[in-house]
Amino acid sequence: MKKIEHIGIAVKDLEASNEVYAKLFGKQAYKTEAVESEGVKTSFFKVGKNKIELLEATKEDSPIAKFINKRGEGIHHIAFDVTDIEAEIKRLKKEGFIVLNDKPKKGADNKLVAFLHPKTTNGVLIELCQEIVS
Ligand code: ZN
């Protein structure tokens, strides 16, 4: 793993939260994107070298909706940048982590992503992401 790629925050209302975080950072989100397959709308802010992702559920049974129902708004996941996501998945499975999707899937912000079950990472949802080079 190379570095933290971004921190994901689950929000109830993306538009309202975009305003809050734009005030906080002193600038607007640099992109907003829906990921239909995950049932989310996302926005991304750059803060120096770091990124913050806000996520709002677009379906009631999406993971973000379930998270907010259970735990309320707040930090949802930490994403780490990896060079070879398939190799990382293999390595982490061997180490005993539960990978939620064995096959990397297309996530927001032009990334291939995979998630580790929080049960095996002390309650923290970990996202692996690899930039898609086109
Ligand atoms: Zn993310």
Side-chain angles (χ1 to χ4, degrees):
M1 289 189 205
K2 294 193 288 188
K3 58 166 189 171
I4 291 180
E5 214 288 327
H6 62 268
I7 294 173
I9 299 174
V11 303
K12 285 182 185 161
D13 180 340
L14 191 64
E15 240 172 82
S17 303
N18 277 341
E19 280 179 33
V20 172
Y21 279 82
K23 266 186 222 161
L24 180 66
F25 300 139
K27 58 180 156 186
Q28 302 295 322
Y30 69 91
K31 91 155 64 164
T32 317
E33 186 181 349
V35 184
E36 203 52 57
S37 58
E38 293 295 298
V40 290
K41 275 194 300 194
T42 66
S43 63
F44 286 87
F45 290 85
K46 273 197 184 114
V47 190
K49 286 182 182 165
N50 302 304
K51 286 190 218 163
I52 299 292
E53 173 185 32
L54 304 181
L55 307 107
E56 178 198 322
T58 54
K59 291 185 223 158
E60 250 166 58
D61 59 345
S62 76
I64 293 296
K66 284 183 194 154
F67 177 89
I68 287 179
N69 284 338
K70 219 162 120 189
R71 297 164 70 167
E73 293 181 299
I75 293 181
H76 176 258
H77 64 269
I78 301 179
F80 291 92
D81 198 8
V82 301
T83 314
D84 181 346
I85 195 166
E86 309 244 6
E88 271 305 282
I89 289 172
K90 246 184 236 158
R91 183 182 74 82
L92 293 169
K93 283 175 76 173
K94 217 184 271 174
E95 295 286 1
F97 295 97
I98 298 172
V99 181
L100 291 173
N101 54 303
D102 279 3
K103 271 255 140 243
K105 52 190 177 182
K106 177 96 175 58
D109 203 25
N110 196 39
K111 300 274 193 294
L112 284 174
V113 302
F115 289 91
L116 304 185
H117 197 293
K119 199 161 68 180
T120 53
T121 47
N122 300 89
V124 179
L125 179 64
I126 303 279
E127 176 184 348
L128 308 174
C129 54
Q130 178 188 338
E131 181 100 38
I132 298 169
V133 186
S134 49

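Because the structure is predicted, anything quoted here is derived from the model rather than measured. Order of appearance sets the numbers: ligands from 1, and atoms from 1 within every ligand.
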Asp13 side, atom CG; Glu19 side, atom CD - distance, nearest 0.5 Å: 9.0 Å
Distance, nearest 0.5 Å, that separates CD of Glu56 from CD1 of Ile9: 14.5 Å
Count of N, O or S atoms belonging to protein, less than 2.8 Å from the Zn ion (ligand 1): 4
Side-chain ion pair, Glu60 and Lys66, N-O less than 4.0 Å: no
Neighbour count above 12 (heavy atom, 6.0 Å) for Ile132 CD1: yes
Residue of the set Glu127, Lys111, Glu53 for which side chain to side chain contact (heavy atoms under 4.5 Å, CB included) holds with Glu5: Lys111
NZ/Lys12: more than 12 non-hydrogen atoms of other groups inside 6.0 Å: no
